[in-house]
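Notes to accompany the following structure.
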Amino acid sequence: MAFPMLRSTAILAPNAARGMATLKDIETRLKSVTNIRKITSSMKMVSAAKFSRAERALKPARVYGTGAASLYEKNEFESGEDKLVLAISSDRGLCGGIHSGLGRTIKAAHAEQPIKKTVIVGDKAKAILLKTLGDTYLATFNNVGKKAASFSDAIAVAEEVLSHNCETVEIVYNDFVNVVTYKALTKAIPSAESIEANDAIYTYDEVDSEVLKCYQEFTLANIVFHSIREQECSEQSARMNAMENATRNAGEMIDKLTLQFNRTRQAVITRELIEIISGANALE
Amino acid sequence: MAFRSIALRTAALCRRAMATEASGSTFPLTFGSPSNALFNAAPVKQVDIPSTTGHFGILPNHVPTIAILLPGVVSVTTEAGDVQRFFVSSGTATIHADSTVQIMAEEICDVGEIDGAAVRSALEVSRSKLASATSEADKAAAQIEVDVYECMVAVA
């Protein structure tokens with residue numbers, strides 16, 4: 001263990017004045033990294049609390065969303081080329097790969113088949129997709145992510161989407177798998193006209209245009225609500241993990257810096273002692 | 001020995017498969033609101049719903065249909081035989097060919113929990129709101145409020 005120590009002191013301590021400055025530098029760095037660790041640790045705890053709340057809220061939302069989507073799951077409704085992509089993200093970052101994963105999925109889909117119309121929920125997705133899909137933006141929603149979305153928020157988004165009268169709506173969001181995993185998913189929902197044009201709907205008795213229109217509108221709001229809840233849960237879990245990693249890395253950095261600080265301090269003291277002793281020897 | 005265990009396993013698998021479809025006297029019902037999932041593919045005997053095409057009851061193997069719900073009472077007869085009544089504000093009901101039923105309602109509340117006095121006063125407030133409403137949208141919204149509260153008063 002002696003050799004590595006000697007080598008590092010040789011690099012760090014050229015002469016007395018330079019040594020003191022290095023000591024202060026290390027001290028400043030140590031203070032700032034300690035602050036960072038405090039911040040990331042508290043962000044992790046806040047995210048953990050929000051995550052447990054989001055997970056609890058997700059349970060009924062999942063039953064609700066899958067129930068609402070049952071008509072589209074059990075029947076094949078082909079729909080036309082006129083697609084509207086609804087991207088669900090939020091305004092806040094520091095959540096790992098949540099927003100960039102969503103951006104990647106949408107850009108890949110755009111490369112396969114150009115997307116003409118988009119509605120964006122959340123400033124992060126808006127910023128990520130601005131360069132490639134900026135001119136397709138029909139509407140954007142912000143103030144997303146500060147508090148949990150309610151059903152009325154989902155209704156507002158669904159109304160905006162429905163006002164553009166497209167044949168299919170594709171909702172892109174991050175599905176919550178478990179605490180450490182989430183997956184970007186795309187859900188396609190046909191419009192009332194597309195459903196009517198498909199024979200599959202006529203297995204259902206007594207269906208007229210009025211009923212179908214109301215049904216499709218309400219179901220779209222339900223599925224949007226479910227997707228928003230899944231996205232919220234995925235985001236909080238990702239933020240919790242990201243902050244946990246950041247806290248751990250900051251802790252490691254603090255340990256390394258503390259060792260460096262102590263070694264430097266000892267080197268400075270040793271050098272001063274050597275100078276005093278050699279000075280005393282020279283006088284004799 | 002091996003044959004008997006295989007036979008038992010297939011019998012158990014068959015029983016499990018049948019439990020998810022209408023097994024003669026029950027069908028799986030999923031009934032919930034955005035914040036509350038009351039029934040999740042739970043087997044029930046009968047459900048009565050208030051829809052725009054009339055108040056009708058759903059039994060196993062009902063013809064597939066979709067319906068819009070009006071404000072009113074949904075009564076569920078569970079497998080055990082007891083009847084639970086819930087007030088719903090609005091929503092949709094879907095009955096599929098495999099006899100699964102999904103009822104999605106915006107707001108659900110147990111009929112027993114409705115506070116008659118609070119609902120009556122809310123009805124007065126919404127009636128005055130309807131009288132003083134000016135634009136078409138406000139009038140429609142106020143009318144919906146009055147309808148829902150009138151139904152609640154009738155049920156409470």
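Not measured: the values here are computed from a predicted model. Naming convention: chains lettered A, B, ... in sequence-line order (proteins, then strands); numbering from 1 in each chain.
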Is the centre of the A:Y182 ring less than 6.0 Å from the centre of the A:F176 ring?
no
Cross-chain donor-acceptor list, chain A and chain B, 3.5 Å limit, no angles:
residue, atom, partner, partner atom, Å
A:S70, OG, B:H96, NE2, 3.0
A:S70, OG, B:Q102, OE1, 3.1
A:K74, NZ, B:D98, OD2, 3.0
A:Y204, OH, B:H96, ND1, 2.7
A:D205, N, B:P64, O, 2.5
A:D205, O, B:T65, OG1, 2.7
A:Y215, OH, B:T94, OG1, 2.5

A:Y137 and A:K117: side-chain donor and acceptor closer than 3.5 Å?
no
Part of B:A41 lying under 4.5 Å from any heavy atom of chain A
neither
With heavy-atom distances below 4.5 Å as the criterion, would you say the side chains of A:L220 and A:V161 are in contact?
yes
Interface moiety of A:L58 toward chain B, non-hydrogen atoms closer than 4.5 Å
neither
What part of B:I103 is in contact with chain A, defined as an atom under 4.5 angstrom from a non-hydrogen atom: side chain, backbone, both or neither?
neither
Is there a donor-acceptor pair closer than 3.5 Å between any side-chain N or O of A:H99 and the backbone N or O of A:K124?
no
A:E235 and A:F51, any side-chain heavy atoms less than 4.5 Å apart
no
Are any of the side-chain heavy atoms of B:F31 and B:V101 separated by less than 4.5 Å?
no
Determine yes or no for a side-chain-to-main-chain donor-acceptor pair under 3.5 angstrom, with A:D91 supplying the side chain and A:D123 the backbone.
yes
Measure A:V207 against the heavy atoms of chain B and call it side chain, backbone, both or neither at under 4.5 Å.
side chain
Enter the distance from A:T140:OG1 to A:I120:CD1 here, rounded to the nearest 0.5 Å.
8.0 Å
